[in-house]
Each structure stands twice: as structure tokens, then as C-alpha cells.
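None of these values were measured; they are calculated from a predicted model.
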Amino acid sequence: MAAPCTKLLRNICIAILLCLILTVILILILAFTVFKPKRPIIAVDSVSLIDLNVSLVSGVDLNLSLMVDLSVENPNKVAFEYSQSTAVVSYRGEEVGEAPIPAGRLSAEGTEKMNLTLTMMANRMLAKSEVFSDVVSGQLPISTFARLSGKVKVIGVFKIHVVASSSCDLTIDITNGSIGDQQCQYRTKL
């Protein structure tokens, strides 16, 4: 009588083990197909001038503020959590302004709009020798850069590090106070 009972227990153990193996295989298949992490996308929707004051009396006096509207899109089936970051404005390679991007969480397949006000630090710009000739020509070349670094958690177990960034080179037309030529690049990596 002991033999049939042992055989029954062995069959139950084998069935449970096969169910566990199949469950693990199913979770791995889902993790690498349906829940496969995709790269978030930062897009610059618009850049506009909100303040521009230029004076050439006794040298160059320059005050400039930009409004940058960003969209961050999360194409993943799970949330994207990103840490605090900074958007930066550069003039001829010199960082001349910045705005904080607070840490946050973007829901699955969601899009978040961000409005950043970037105020230029005139003293840093005026330290560049090209600023006078740029102001006189009426064309001020600047660059913006924003970067978000965060994690995507697949099935609450696998944490995958993701970085998304956006950079724009643009020209400010000083004569009419508008944004001229604008070229943006978007980069993401897992």
C-alpha cells in the first residue's frame, strides 16, 4: 500500500514542478516581449522668448529668458520613474542658464508636458568675446539641452535604467525678438 501512495506523491511533485517551470517561462516571455522596455522620448514642442532686452550703450547689456515646452512620452506598458534633472542653455559652448526638472513618475503609455523657464546669466554670456559681434549682427546662437535619467520596472522585478535627452540649436533674432532657425535632436538609450 505504501508504493501507490509514494507514486501519487511523486506525480504531484512532478506536476507542481512543471507548473512552476511553465510559470517562470511565461513570465520571462512576457518580460521580453509585451513588457520589453522601450525608450522614453523627450520632444521640444516649442521655444519662445519671454524677455529680451538688449542695449549697446556703454558696452553690451543683455537680459534674455526663454520658455521651453517639452513633452515626455513613455511608450512602455509600465511606469517610468525619473530622477531630478536640469535643463541647460549654452551660448557658444558656455553654460549660461539652467532650469530644474523635478523628479517624477510617468504612467504607462503616458505623456507629460513640462514648461521650463530658462533665464540666461548675462555675466557668463558677456564673458564671451563673440557676444558683441553677435548682438550687432542681430543673430544670437544658443543651444538647449534636457536629460532625464530613470528606471523602468518590468513585472516589478527587473529594473532597467533608461536615459532620454533632447538638444536644440537655435538662433534668436534680436531685431524682431523671435526665435529663428531651430534644429533639435532626440536621443534615448537603455
Hey, can you pull the donor-acceptor pairs under 3.5 Å for the side chains in residues 95-110, sequence neighbours left out?
| unit_1 | atom_1 | unit_2 | atom_2 | d |
| --- | --- | --- | --- | --- |
| E109 | OE2 | K77 | NZ | 2.9 |

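- The side chain to side chain contact (heavy atoms under 4.5 Å, CB included) check on K159 picks up K151, K153, with sequence neighbours excluded.
- Side-chain contact between T86 and R147 is absent, with no heavy-atom pair separated by less than 4.5 Å.
- V68 places a side-chain heavy atom less than 4.5 Å from the side chain of L118.
- In this structure, the side chain to side chain contact (heavy atoms under 4.5 Å, CB included) partners of I21, at least two apart in sequence or on a different chain, are L17, I25.
- When the ring-ring contact (aromatic ring centres under 6.0 Å, His included) test is applied to F80, the partners found at least two apart in sequence or on another chain are Y82.
- By the side chain to side chain contact (heavy atoms under 4.5 Å, CB included) test, L9 is found to be paired with no residue, residues two or more places apart in sequence or in another chain being considered.
- The two atoms that bring A146 and I42 nearest to each other are O-CD1, 4.2 Å, heavy atoms only.
- Residue pairs that meet the salt bridge (charged side-chain N to carboxylate O under 4.0 Å, His left out) test with at least one member in residues 131-145, sequence neighbours left out, are R92-D134.
- A heavy-atom distance below 4.5 Å is not found between the side chains of L170 and Q183.
- Put simply, the side chain of N74 gets close to the backbone of N76: a donor and an acceptor are under 3.5 Å apart.
- Considering only heavy atoms from C-beta on, L148 stays 4.5 Å or farther from V162 through its side chain.
- Between L140 and Y91, the closest side-chain pair of non-hydrogen atoms falls below 4.5 Å.
- The SG atom of C19 lies 12.0 Å from the CG atom of L26; values are rounded to the nearest 0.5 Å.
- For the pair F145/S165, a side-chain contact is recorded, criterion being any heavy-atom separation below 4.5 Å from C-beta on.
- V88 forms part of no hydrophobic cluster, judged by ILVMFWY side-chain heavy-atom separations under 4.5 Å.
- With sequence neighbours excluded, no residue forms a side chain to side chain donor-acceptor pair (under 3.5 Å) with S83.
- Every residue meeting the side chain to side chain contact (heavy atoms under 4.5 Å, CB included) condition with I14, not counting sequence neighbours, appears here in chain and number order: R10, L18.
- Counting heavy atoms from C-beta on, the side chains of L66 and I142 come closer than 4.5 Å.
- By the side chain to side chain donor-acceptor pair (under 3.5 Å) test, N115 is found to be paired with no residue, residues two or more places apart in sequence or in another chain being considered.
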For this session: Take V72 and M114 through the test side-chain contact (heavy atoms from CB on, under 4.5 Å) and record every step on the way to the result.
Result: CA-CA 8 Å; V72 181; M114 296 180 187; 3.8 Å; yes

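- Following chains of ILVMFWY side-chain contacts shorter than 4.5 Å, one cannot reach M67 starting from L116, and the two form parts of different hydrophobic clusters.
- Taking S143 as the reference, D169 meet the side chain to side chain donor-acceptor pair (under 3.5 Å) condition, with sequence neighbours excluded.
- Considering every non-hydrogen atom in both A164 and P40, the closest pair reads CB-O, 3.4 Å.
- Taking the side chain as every heavy atom from C-beta outward, S71 and E112 never approach each other to under 4.5 Å.
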